[in-house]
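Can you keep this structure in mind? I'll have questions shortly.
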Protein chains: 2
Amino acid sequence: MNLKLATEIGKCLSNTIRLEILEWLKEPEKNFPPHETLKHFNDGVCVSYIHEKSGLSQSTISFYLTNMEKCGLLISTRHGKWSYLKRNEKIINEYTQFLTK
Amino acid sequence: MNLKLATEIGKCLSNTIRLEILEWLKEPEKNFPPHETLKHFNDGVCVSYIHEKSGLSQSTISFYLTNMEKCGLLISTRHGKWSYLKRNEKIINEYTQFLTK
DNA sequence: CAAATATATCGAAAAATTTCGATATGAAAA
DNA sequence: TTTTCATATCGAAATTTTTCGATATATTTG
């Protein structure tokens, strides 16, 4: 973890909806309906579910998620026409290690 | 820790200089000259040292530090005409707990 | 008490972020 | 292979943040 990356992560964490997305993704089963095609949450949750739950426009959510992936907070996996997002616990841990003593 | 406070903390952490200030304050003795009046770093570092090291204007640094104190990241203590700032490890820990699973 | 020093606040210009609708791209379904 | 569905990208307006110089406040010092 370096200062530049930590700053980009901080930017992603400076917005209520983006923070909520990270919270929701702690427990996908609890916060989202089950996937119709994929029968599991192994790769997280698809963009459309996050979009619906957020109340923001599709383009805004796509923009958010792309940025969160770019700085490593999320991991994106394509399955057919769907993109699934899950938390990147490794980076999140590295970030919190960086913040604490 | 709640979503609103976490968002405010995230805003403070979304800027390279503010992040650096938090890093510097991990080891005041290492990153700042000794205080002339106060002979210790028990209450952290005075605003003018942080100002000098930052390269930004006095008003900007004051504004930064005030915000960082408002959201709990820093603890401010007055000694005469000096304000000393130190990290609030308790809030920082609560924040990192909030981020991680 | 006047001057000097440290910090805080104010108002405003510049820069960055937010957010959307429109549109493009990519993949599956008809 | 055209249509449909999911997601990504673009351009632009609105909002927020950044940052400064000027000025105010608070405290010490002469």
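Since this is a predicted model, take the numbers as computed values, not measurements.
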Near DNA chain C, counting only heavy atoms under 4.0 Å, which residues of residues 35-47 of chain B show up?
Cys46(B), Val47(B)
Give me the atom names and distance for the closest heavy-atom approach of Cys71(B) to Leu5(B).
O-CD1, 3.4 Å
Members of residues 67-86 of chain B that approach DNA chain D, where some heavy atom sits under 4.0 Å away
Gly80(B), Lys81(B)
Return the minimal non-hydrogen interatomic distance between Ala6(B) and Phe98(B), and the atom names on each side.
CB-CE2, 3.6 Å
Taking DNA chain C as the partner, which of residues 5-33 of chain B come within under 4.0 angstrom of it by heavy atom?
none
Taking CD in Gln97(B) as the centre, count heavy atoms belonging to other residues, nucleotides or ligands within less than 6.0 Å. Is the count above 12?
no
Within a strict 4.5 Å, meaning less than it, do heavy atoms of the Leu13(A) and Leu99(B) side chains meet?
yes
Non-hydrogen side-chain atoms of Leu3(A) and Glu20(B) separated by less than 4.5 Å
yes
Under a 4.5 Å cut-off applied to non-hydrogen side-chain atoms, are Thr96(A) and Tyr95(B) in contact?
no
Please report the closest heavy-atom contact between Pro33(A) and Tyr49(A), naming both atoms and the distance.
O-CE2, 3.2 Å
Shortest non-hydrogen separation from Arg18(A) to Lys11(A) and the atoms involved
NH2-O, 3.0 Å
Tyr64(A) side chain to Asn15(A) side chain, donor-acceptor N/O pair below 3.5 angstrom
yes
Result for side chain to side chain donor-acceptor pair (under 3.5 Å) between Asp43(B) and one of Arg78(B), His79(B), His35(B) points to His79(B)
Salt bridge check, Glu8(B) against Lys4(B): does any charged N sit closer than 4.0 Å to a carboxylate O?
no
Of all nucleotides in DNA chain D with an atom under 4.0 Å from a non-hydrogen atom of chain B, which is the first and which the last going 5' to 3'?
dT17(D) to dT28(D)
Heavy-atom side-chain contact between Arg87(A) and Leu73(A) under 4.5 Å
no
Testing the 3.5 Å rule here: is there a donor-acceptor pair between the side chains of Ser62(B) and Ser59(B)?
no
Are side-chain heavy atoms of Ile75(B) and Leu85(B) found at a separation under 4.5 Å?
no
Partner set under salt bridge (charged side-chain N to carboxylate O under 4.0 Å, His left out) for Lys53(B), not counting sequence neighbours
none
Which residues in residues 50-65 of chain B have a heavy atom closer than 4.0 Å to any atom of DNA chain D?
Leu56(B), Ser57(B), Ser59(B), Thr60(B), Phe63(B), Tyr64(B)
